[in-house]
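Some notes on the structure that comes next.
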Amino acid sequence: MTTNLSKISRCTLSIVIPCFNEEATLENCVVNVLECFKKHSDIEIEIVIVDDSSKDQSLSIAKRLQVLYGNILVEKHSVNQGKGAALRTGIRRATGDFV
(Lines give C-alpha, C1' and ligand atoms only; values in the text may rest on other atoms or scores of the structure.)
Protein backbone atom coordinates (compact mmCIF):
# COMPACT_ATOMS: atom_id res chain seq x y z
CA MET A 1 0.00 0.00 0.00
CA THR A 2 1.39 3.38 -0.93
CA THR A 3 0.51 6.64 0.74
CA ASN A 4 0.16 9.85 -1.20
CA LEU A 5 2.07 12.23 1.05
CA SER A 6 1.07 15.19 -1.10
CA LYS A 7 -2.43 14.94 0.41
CA ILE A 8 -1.05 15.57 3.89
CA SER A 9 -0.95 19.32 4.43
CA ARG A 10 1.44 19.31 7.39
CA CYS A 11 3.01 16.51 9.36
CA THR A 12 5.57 15.99 12.08
CA LEU A 13 8.51 13.68 11.52
CA SER A 14 10.26 12.39 14.63
CA ILE A 15 13.91 11.49 14.15
CA VAL A 16 15.51 9.36 16.85
CA ILE A 17 19.24 9.79 17.47
CA PRO A 18 20.73 7.15 19.79
CA CYS A 19 23.80 8.59 21.46
CA PHE A 20 26.72 7.02 23.31
CA ASN A 21 29.91 9.04 23.78
CA GLU A 22 29.23 11.27 20.76
CA GLU A 23 30.46 14.62 22.06
CA ALA A 24 32.59 15.08 18.92
CA THR A 25 29.75 14.41 16.46
CA LEU A 26 26.36 15.04 18.10
CA GLU A 27 25.98 18.73 17.34
CA ASN A 28 27.04 18.25 13.71
CA CYS A 29 24.56 15.38 13.36
CA VAL A 30 21.68 17.51 14.66
CA VAL A 31 22.61 20.50 12.50
CA ASN A 32 22.80 18.26 9.41
CA VAL A 33 19.39 16.71 10.14
CA LEU A 34 17.80 20.13 10.55
CA GLU A 35 19.49 21.39 7.39
CA CYS A 36 18.03 18.49 5.38
CA PHE A 37 14.50 19.62 6.17
CA LYS A 38 15.01 23.39 6.05
CA LYS A 39 13.33 23.74 2.66
CA HIS A 40 10.35 21.52 3.55
CA SER A 41 7.98 23.88 5.31
CA ASP A 42 5.24 21.23 5.27
CA ILE A 43 7.29 18.90 7.51
CA GLU A 44 7.81 19.77 11.13
CA ILE A 45 10.83 18.06 12.68
CA GLU A 46 11.08 16.63 16.17
CA ILE A 47 14.45 15.19 17.18
CA VAL A 48 14.64 12.71 20.05
CA ILE A 49 18.16 12.26 21.37
CA VAL A 50 18.58 9.27 23.68
CA ASP A 51 21.79 9.36 25.67
CA ASP A 52 22.70 5.77 26.51
CA SER A 53 24.66 6.61 29.67
CA SER A 54 27.55 8.37 27.92
CA LYS A 55 30.75 8.91 29.87
CA ASP A 56 31.65 12.11 27.97
CA GLN A 57 29.82 15.44 27.55
CA SER A 58 27.18 14.11 25.13
CA LEU A 59 24.29 14.64 27.54
CA SER A 60 25.20 18.26 28.28
CA ILE A 61 25.58 18.92 24.54
CA ALA A 62 22.16 17.34 23.90
CA LYS A 63 20.58 19.52 26.61
CA ARG A 64 22.23 22.64 25.16
CA LEU A 65 20.88 21.77 21.70
CA GLN A 66 17.43 21.22 23.23
CA VAL A 67 17.44 24.78 24.60
CA LEU A 68 18.93 26.21 21.41
CA TYR A 69 16.48 24.64 18.94
CA GLY A 70 13.36 23.87 20.99
CA ASN A 71 12.25 20.94 18.82
CA ILE A 72 14.59 18.47 20.52
CA LEU A 73 13.63 16.05 23.26
CA VAL A 74 16.37 14.50 25.40
CA GLU A 75 16.11 11.17 27.20
CA LYS A 76 18.81 9.47 29.25
CA HIS A 77 19.43 5.88 30.23
CA SER A 78 20.90 5.53 33.72
CA VAL A 79 22.95 2.54 32.54
CA ASN A 80 24.21 1.64 29.08
CA GLN A 81 21.64 -0.58 27.37
CA GLY A 82 22.82 -0.54 23.76
CA LYS A 83 21.69 1.03 20.52
CA GLY A 84 18.52 -1.05 20.18
CA ALA A 85 17.27 -0.02 23.62
CA ALA A 86 18.09 3.63 22.88
CA LEU A 87 16.09 3.42 19.65
CA ARG A 88 13.13 1.82 21.45
CA THR A 89 13.21 4.54 24.12
CA GLY A 90 13.27 7.22 21.42
CA ILE A 91 10.41 5.66 19.48
CA ARG A 92 8.29 5.47 22.65
CA ARG A 93 9.02 9.12 23.42
CA ALA A 94 8.40 10.39 19.88
CA THR A 95 5.21 12.33 19.27
CA GLY A 96 5.39 12.79 15.49
CA ASP A 97 3.05 11.45 12.83
CA PHE A 98 5.98 9.46 11.45
CA VAL A 99 9.15 8.15 13.14
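Here the structure is a predicted model, which means the values were calculated and not measured.
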Would Ser14 and Glu46 count as having a side-chain donor-acceptor pair, cut-off 3.5 Å? yes
Considering only heavy atoms from C-beta outward, does the side chain of Tyr69 approach that of Ile47 to under 4.5 Å? no
Which residues pass the side-chain hydrogen bond (donor to acceptor under 3.5 Å, both in side chains) test with Asp52, not counting sequence neighbours? His77, Asn80
What closest approach, in Å, do Ala86 and Val16 show between heavy atoms, and which atom pair accounts for it? O-CG1, 4.3 Å
Give the intermediate values and the outcome of side chain to side chain contact (heavy atoms under 4.5 Å, CB included) for residues Val50 and Leu87. CA-CA 8 Å; Val50 181; Leu87 286 170; over 6 Å; no
If you compare all heavy atoms of Ala94 against all heavy atoms of Val99, which two are closest, and at what distance to 0.1 Å? CB-CG2, 3.9 Å
Exercise: identify the closest heavy-atom pair between Leu13 and Ile43: CB-CG2, 3.9 Å
Non-neighbouring partners of Asn21 that pass side-chain hydrogen bond (donor to acceptor under 3.5 Å, both in side chains), sequence neighbours left out: none
Result block: side-chain N/O donor-acceptor pairs under 3.5 angstrom for residues 61-68, not counting sequence neighbours:
from	atom 1	to	atom 2	distance (Å)
Arg64	NH2	Glu27	OE1	2.8
Gln66	NE2	Ile72	O	3.2

Does Gln57 offer a backbone N or O that forms a donor-acceptor pair with the side chain of Glu23 under 3.5 Å? yes
Ser54 and Phe20 have their tightest heavy-atom pair at OG-CA, 3.3 Å
Ignoring hydrogens and geometry, is there a side-chain-to-backbone donor-acceptor pair from Asp97 to Cys11 under 3.5 Å? no
